[in-house]
Amino acid sequence: MGGLTRRRVIAILALTSILLITMDLRNSSSVSSARRLFGAIFHPIEGATRVLTTPINNIWHGITDYGDVSQDNKRLKDLIARQEGATIANIAGVREAQELLALNGLPTLAGIDSCTGQVVGQSPSNFSQTVEINRGRRCGIRVGMPVLNAAGLIGKVTESLDDRAVVMLITDPAYSLSVKIVNQPPPVVTVPSKVPESPENQTTTTTSTTTTTTTTIAPKSTIPGFTPGATIATLPNASPNAPSSESTIAGDIRPGQGNVSQITVPPGANLPLRETGALEGRGLSRNPIVRFIENQPRFGVVYIGSPIVSSGGATSLAPPDIVVGTVSRIISRSGTLGPLLEVKVAANLESLNFVRVLLYQPTTERPSAP
Amino acid sequence: MNRILAIAQQPLTRLFLVALIVLSFQTTIFNTMRPFGVCLQVMLLLSTSSGLARGSEIGAIAGFIVGMMYDLVLSTPLGLGAVVFALVGYLAGMTNSFVHQPTWWTKMLLAGAASGLGMLFMPLALTIVGREGVMNRHILVVALVVGVTNAAATIPAERLCGWVLSEPSEVR
């Protein structure tokens, strides 16, 4: 190695680097083959080292994470208690939604096969957000497939080996996805209907007041506009042009009250509006943002907490209606630029364990025929 | 057999084998132990120590090989880490040659500074090839933490690299 002059060394290394970077950026198959070959040599060594260093890892985490784990444990117990009730209602709601989608011939996640894997490592770099899972091509995983956990979307597959795959997280600056923002309807304030003060009607008034309280809270729920199990009754004699605030809402229908009809869907005005945009990762320490939201009056004002789901479509990286997160901050911009939305990702990307890879390869990621 | 032994005694073979082991530590234990949320960079330490132990030219070549191996397990473009690590190895070796009678603390200082610079060069190089969002204030924390930890581990790493990159006749 000593025979080379300084200039020659620098020139050779610089030229080699430029050549390799160019080849890699142009998706050269020889670069992919080199990575695969090196992976085949390196993964057994890495596996052995992982086994050897696990006790040291455990000691480190025991020292540094004990407080956080204890707090998390308490918080999660509380969360589980709160969510147990809501889960039953949500399961029924999801089931109904899937039936409706199937009935109308629309695509659903239920029709897409998936492969469950476990996260075995994350990127050793400080500048890219990727994780490695212990499932790969043998399970049917291919580049471009969306990956999610129980909470929502976490990223997409960028590399697939026989028994391993690399997943780029949605916080990575190179990640981009078409999404829908489900805007919450404006808060509805209902006024109890005025009824004559009589002993018989006194009961009805009490019932109305109780139900009105429920209706006012509804827009703050997780799924805006939908109140599982809510029954709304309207008076048939009321004029169709009458404002909705004039309608009587009653939860207790007694036999003999034939003049009151029941409906079990929310009023059309309260259905959530949707708008599409492009979600982009911004790195480890910053939340992803959604751009290209049209500033149109029909969509109304975006509220903090509005759900964001994947939009789907022929060229999208993910099928429709996968939960991504909620709007955590709105950055207004002048003119017709539309707002920028900061997204709080639903999945906790710092503690990923089991993940599900949807065996859905977007058309844009499919290898073209030779 | 003698031929195999002769190949194994070559500095580049030894460097590849040692870097393979260090890389396995990088992707396992140093990947999960993240003080201040920063992944420690022992592969970068190998580059700077090579420069300190054997001078700028050999430091650049060793850094290039180490960086290339690191690139092969990362999702960054192949060759990008190699060029940055080569630059760091070269810088460490060159600045060390300017120091009159280098001591343990000057080597630690130089290795820390070179490592910190390497952690600033990396996002810069990523930005040049079109990756957005990597240039933020967090890279200063990364550079500081990596610089300090690499400085602390310089002396044993330099001895290791001195042995790895020594000519076959020097090895006993």
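From a predicted model like this one, the values you see are computed outputs, not experimental measurements. Just so it is clear: chains get the letters A, B, ... in the order the sequence lines come, proteins before strands, and each one is counted from 1.
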Close approach to chain A in residues 91-125 of chain B, criterion heavy atom under 4.5 Å: B:Met119, B:Met122, B:Pro123
Nearest non-hydrogen partners of [X] and [Y], listed with the distance:
X	Y	result
B:Met69	A:Phe38	O-CE2, 3.7 Å
B:Pro77	A:Leu25	CG-CD2, 3.9 Å
A:Asn57	B:Thr28	ND2-O, 4.4 Å

Does a side-chain heavy-atom distance below 4.5 Å link [X] with [Y]?
X	Y	result
B:Met33	A:Ile59	no
B:Thr32	A:His61	yes
A:Leu13	B:Tyr90	no
A:Asp24	B:Thr76	no
B:Met68	A:Leu20	yes
B:Val129	A:Ile21	yes

Go through the atoms of [X] and report whether side chain, backbone, both or neither lie under 4.5 Å from a heavy atom of chain A.
X	result
B:Arg34	both
B:Phe64	side chain
B:Ala60	both
B:Phe30	neither
B:Leu126	side chain

Polar side-chain atom of A:Arg50 near backbone of B:Phe25 as donor-acceptor pair, under 3.5 Å: no
N/O donor-acceptor pair under 3.5 Å between A:Arg282 side chain and B:Val134 backbone: no
Top contributor to chain A interface from [options] [non-hydrogen pairs under 4.5 Å]:
options	answer
B:Ile139, B:Leu23, B:Leu87, B:Leu40	B:Leu23
B:Val146, B:Ile29, B:Ile21	B:Ile29
B:Val142, B:Val73, B:Thr27	B:Thr27

Atom pair CD (B:Gln26) and CD (A:Glu46), whose distance is rounded to the nearest 0.5 Å: 11.0 Å
From OG1 (A:Thr49) to CG (B:Leu20), nearest 0.5 Å: 9.0 Å
Options A:Gly47, A:Ser17, A:Gly39, ranked by heavy-atom pairs under 4.5 Å with chain B, top entry: A:Ser17
By a 4.5 Å heavy-atom criterion (distance strictly below it), what part of [X] contacts chain B: side chain, backbone, both, or neither?
X	result
A:Ile18	neither
A:Thr158	neither
A:Ile41	side chain

